Amino acid sequence: MAGLIERYIDRMPEEVTSHIVSIEEGSTPLVPAPALSERVDADVYLKLEGANPTGSFKDRGMTCAVSAAAREGAEAVICASTGNTAASAAAYAARAGMTCAVLVPEGKIAAGKLAQALIYGARVISLNGNFDVALQLVRDLADHHPISLVNSVNDFRLEGQKTSSFEIVDEIGPIDLLTIPVGNAGNITAYWKGFKEYDQAPELNGYQAAGAAPLVEGRRVENPETVASAIRIGNPARWEEAMAAITESRGAVRAVTDDEILDAYRWLPANEGVFCEPASAASVAGLIKNGVSDAARAKAEGGRPKVVCVLTGNGLKDPDTAFDNVGSVIPCEPEMGQLEKAVLGQ
Ligand SMILES: *Cc1c(COP(=O)(O)O)cnc(C)c1O
């Protein structure tokens, strides 16, 4: 399957179409979720963005941001990142023959994401400060050096990310509700852009972690804290646009606690066979907690409402959180009695 710029070339700005840098991102599975559907009495689908080349939706935006940088003749890209943007930028920069520097908050990066950024050859800088501080610093740096900034303040990122909405509608037609985790708020903004370009208006429900919920509280959070490291952001760059998208869609932005996130994080693999990272589980936690609104049900006109939960990143990104939330491995000697005990749990 071609990458998303080629597949949706008529809906792409010309800046990204002349020097395409792609790892055939997008075309991710939209998987029916029977157990979740029964739980919330709706037809629920999971958009598996963890199936992108570096394991998160960030690749959709990165193909566009790096293609635009390539057209400009850029030799280097930079970003601040809670992890997935770093992994993605590093991969696309490698593909384009550019150098890449990433600024990550010290000690707050999931192991898989850090391993990715390093193996793709990025210069990884660990900042003694949080994501919001890191983003401000790279913005200032990019203003003064010939380095292309590929955070979601880069508009080309949204052009790529909007294609997930196209894929959903192309595959299952109009939907009634979309639930999505919200961190820097670029992705919810991009989904809304995509739906509007397709003349669609599903209700958008954005979910933030309770310890990092600036859009819910209506004020910056100085020290955001949550197990969902990908959305540990206290001052979203796309604040106004995200709120406009939520309002226009007659949706809502709400908080879910870390306990609720972790419940969904464990429940989904055990019941649907789908393993996402903690931030992604916020979309499912929110749906379980708040259900499908009467307005979204009304849109379905008597049928079962169609709901999509966006699972933004792959569970393998963050093995430490997985191990913290599961039982232990059972040791066993090569002896049948012991094996029977181990297997049958007696
Ligand atoms: C980046 C990211 C988010 C948040 O997306 P925003 O565009 O920053 O709101 C959510 N989940 C995962 C896994 C991410 O990598």
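Atoms within a ligand are numbered from 1 in the order they appear, just like the ligands themselves. This one's a predicted model, so the numbers in the text were calculated from it and none came from an experiment.
Looking at Thr99 and Glu75, their side chains never bring a donor and an acceptor atom within 3.5 Å of each other.
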Starting from the N and O atoms of ligand 1, collect every protein N/O partner closer than 3.5 Å and put each pair on its own line with the distance to 0.1 Å.
unit_1, atom_1, unit_2, atom_2, d
ligand 1, 7 (O), Gly186, N, 3.2
ligand 1, 7 (O), Asn187, N, 2.8
ligand 1, 8 (O), Asn184, N, 2.7
ligand 1, 9 (O), Gly183, N, 2.8
ligand 1, 9 (O), Asn184, N, 3.3
ligand 1, 9 (O), Ala185, N, 2.8
ligand 1, 11 (N), Thr312, OG1, 2.7
ligand 1, 15 (O), Lys58, NZ, 2.6
ligand 1, 15 (O), Asn84, ND2, 2.7

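Evaluated for a side-chain contact (heavy atoms from CB on, under 4.5 Å) with Val274, the options Leu36, Leu311, Val284 yield exactly one hit, Leu311.
Taking the centre and axis of the six-membered ring of Trp267, the NZ or CZ atom of Arg39 falls inside the cone set by 45° and 6.0 Å. Tyr207 does not carry Arg254 over the face of its six-membered ring by the limits of under 6.0 Å from the centre and within 45° of the normal.
A salt bridge is absent between Glu335 and Lys341: the closest approach of a Lys/Arg side-chain nitrogen to an acidic carboxylate oxygen does not fall below 4.0 angstrom.
Taking Arg304 as the reference, Asp41, Asp43 meet the salt bridge (Lys or Arg N to Asp or Glu O under 4.0 Å) condition, with sequence neighbours excluded.
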